[in-house]
Amino acid sequence: MADIRVRFAPSPTGYLHIGGARTALFNYLFARHNGGTFVFRIEDTDTQRSTQEYVDEIMASMKWLGFSWDEGPFFQTQRMDLYRAKVQQLLDEGKAYRCYCTPEELDAKRELAMKEGRKPKYDGACRERTDHPEGVPYVVRFRAPDEGTITFNDLIKGPVTVDVAELDDIIIQRSDGTPTYNFVVVVDDIDMGITHVIRGDDHVNNTPRQILMYQGLGAPVPEFAHVPMILGADKSRLSKRHGATAVMSYEQMGYLPEAIVNYLARLGWSCGDQEIFSMQELIDKFTLEHVGRAAGVFNPEKLLWLNSHYIKTAEGERLVTLLRPHLERLGLNPDVHPERLPAVVEMYRERSKTLAEMASSAAFFFREMPEYDPAAVAKFLTADNRALLESVIRHLEASPSFTGEAVEQAIQAVMAETGLKMGKVAQPVRVAVTGGTVSPGLSEVLVALGRDDTLKRLRVACDLSQQG
RNA sequence: GUCCCCAUCGUCUAGCUCGGCCUAGGACACCGGCCUUUCACGCCGGCGACAGCGGUUCAAAUCCGCUUGGGGACGCCA
């Protein structure tokens, strides 16, 4: 197969969202799987709404997800001369014409058409106009054929046929002289030698008219593959009201990029019954043939499950690095006890679905004293339990070392001395040391905390239970 | 409204290309049990779908048609 070239071309009028990220992923995987080239282009022709902040955000998202590109980023605003020349070429060849209709006139006609149940479509008022009034603003329209059909074989959907009567003469250059999306996308895809256009489903309707422009520009038509949309739980187009949609907000919520990538890949694509895929596996196995045709609902629970899977299996050192900012976000300083970080990660990786959750669960390790849960204190740090806590303190003090084994022996000794069962001993101690009733295994927690901190917390708890 | 697209468990999906191997498989979620010092993890089990109708055929989730439902597009946005 000839060299495959694909592109991801977001517009910087918003952050990179879940849907855009999946489009980027499919392009990336398709390029890598086929040894092709992945071009990154920024479609910033809407100068009113495009911002540098969004450009930065999109690039940061791409990098975080691991979608490295081979060429670009190209900015359309820096390619205006090319577009202008192409518009002129079309004008010279009679394939485009100037239209002097005002936006107001167009709006009125559109409204009327809608009201009468017709498809709102440009009526061709200026189609045959040859005069060139001085100083009157105009747009340039691409002349579509009067009759016939356009058929393209979508690599995902199969053949799609549209009657050209459905198409109107679209604007390719605004009255301020800037080109529009449907035109620049074609000019750029031609100029950049794009062979496969993989994009969102919402562009199928644009495809026929774009094909017309490829032909008008005398260029070969690329292959198209339209990826189904991602829907919210109510089956409507995914948006903010369905929860977080910005890719980078997932980093802040403590998700691992491999979880997002894995989830996005499986939303609309499959490979038998396999659920877990590394990026390399995705590259090896990804083909357009296995992309589904139906829109899919974004399921946050499954993403969470994948995230917990990747937290369980990630390398400890990496987790330590990733956990730090989440602790800091909680107002904690991980560097007061950097030595506890590795143990914390090992203790919590099996019971955390996100890094943010891990940070808040393990917060007591990085505070001077735990934040006591009043209900837990009332239930377990009672006067009745004071003797028990004192016994624990005594045995821990007497313990020759503070390893897991030593701590467990001390607890056994307490059980023997008080005649209490493990459950009765563990909960008061757990509350004393962590502030709550839920934590990893008790001895692990005590060892990670160290003898000094453990004893300190136990003594404070003892005082509390005295008051109770 | 017009045009385009889509349709298997609540959700993501396998199967559909080359009809029989499907009393429809897996995963998330949910429910129950086991494990257990709490919470998790893990393990075992359960619930649960071929949208409807008609056709083709010895045989249809798989092919065809219609209906219904859903989504998208109709911008001097992308």
Side-chain angles (χ1 to χ4, degrees), chain A residues 9-14 43-46 48-50 99 101-103 106-107 110 113-121 137-141 154 156-158 160-163 165-168 170-182 184-185 199-208 226 228-229 231 233 235-237 263 266-276 289-290 292-306 308 312 348-353 361 376 380 411 415 421-427 429-431 434 436-443:
Chain A
S11 74
T13 53
E43 310 224 321
D44 54 354
T45 51
D46 183 353
Q48 299 298 307
R49 298 194 300 150
S50 297
C99 169
C101 298
T102 65
L106 263 16
D107 286 346
R110 190 175 302 122
M114 283 284 224
K115 219 172 74 184
E116 291 176 352
R118 287 179 291 117
K119 188 182 174 80
K121 185 181 157 182
Y138 64 87
V139 299
V140 176
R141 286 183 184 272
D154 193 286
I156 291 171
K157 297 183 176 303
V160 176
T161 301
V162 172
D163 196 321
E166 292 298 323
L167 276 24
D168 54 1
I170 60 158
I171 294 171
I172 60 176
Q173 187 179 84
R174 304 184 183 92
S175 53
D176 66 359
T178 59
T180 59
Y181 164 77
N182 271 300
V184 294
V185 77
R199 68 209 329 186
D201 217 347
D202 46 342
H203 286 290
V204 275
N205 291 281
N206 288 328
T207 307
H226 289 97
M229 309 246 71
L231 275 24
K235 301 254 186 179
S236 71
R237 191 176 183 151
Y263 177 73
R266 277 290 287 107
L267 210 200
W269 173 82
S270 60
C271 186
D273 286 339
Q274 190 172 346
E275 295 286 350
I276 304 294
E289 291 81 74
H290 287 93
R293 303 138 306 271
V297 174
F298 181 74
N299 183 346
E301 273 77 37
K302 190 152 184 180
L303 208 208
L304 219 38
W305 171 72
L306 278 165
S308 58
K312 272 176 224 151
Y348 283 94
R349 69 191 316 160
E350 294 275 314
R351 60 195 81 218
S352 304
K353 290 191 189 299
S361 301
F380 293 104
I411 301 273
M415 286 164 66
K421 289 191 174 176
M422 187 51 155
K424 293 290 181 188
V425 174
Q427 281 308 74
V429 175
R430 176 170 281 121
V431 173
T434 72
T437 55
V438 173
S439 86
L442 193 59
S443 60

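Reminder, nothing fancy here: chain letters follow the sequence lines and each chain counts from 1. Keep in mind it's a predicted model, so treat the numbers as computed, not measured.
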Where the side chain of [X] is concerned, which of [options] is the nearest nucleotide?
X: A/L442; options: B/C3, B/U11, B/U37; answer: B/U37
X: A/W305; options: B/U37, B/G75, B/A29; answer: B/A29
X: A/R351; options: B/A40, B/U11, B/C3; answer: B/A40
X: A/I171; options: B/C41, B/G75, B/A78; answer: B/G75
X: A/H290; options: B/G15, B/C76, B/A27; answer: B/G15
X: A/N205; options: B/G26, B/C4, B/U11; answer: B/C4
X: A/V160; options: B/C41, B/C5, B/G10; answer: B/C5

Applying a 4.0 Å non-hydrogen cut-off, can you work out what [X] is touching in the nucleic acid: base, sugar-phosphate, or nothing?
X: A/R49; answer: base
X: A/L267; answer: sugar-phosphate
X: A/T161; answer: sugar-phosphate

Residue pair A/T178 / A/D176, side-chain donor-acceptor N/O under 3.5 Å: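 Note: A/T178 and A/D176 side chains meet the donor-acceptor criterion.
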All salt bridge (charged side-chain N to carboxylate O under 4.0 Å, His left out) counterparts of A/R351, not counting sequence neighbours: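 For A/R351, no residue satisfies salt bridge (charged side-chain N to carboxylate O under 4.0 Å, His left out) once neighbours in sequence are set aside.
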Would you say [X] places a side-chain N or O within less than 4.0 Å of OP1 or OP2 belonging to [N]?
X: A/R141; N: B/G75; answer: no
X: A/R237; N: B/A73; answer: yes
X: A/K424; N: B/U38; answer: no
X: A/R266; N: B/U13; answer: no
X: A/T180; N: B/C76; answer: no
X: A/T45; N: B/A78; answer: yes

Of A/Q173 and A/S270, the one whose closest RNA chain B nucleotide lies more 5':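 Its nearest nucleotide lies further toward 5', so the answer is A/S270.
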Donor-acceptor pair (no angle test) under 3.5 Å: [X] side chain, [N] base:
X: A/R430; N: B/U37; value: yes
X: A/D201; N: B/G72; value: no
X: A/E275; N: B/G26; value: yes

Length of the CG-P vector between A/D154 and B/C6, whole Å: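 My rounded result for the distance is 9 Å.
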Candidate pair A/D168 and A/R141, rule salt bridge (charged side-chain N to carboxylate O under 4.0 Å, His left out), full reasoning: CA-CA 9 Å; A/D168 54 1; A/R141 286 183 184 272; 5.5 Å; no
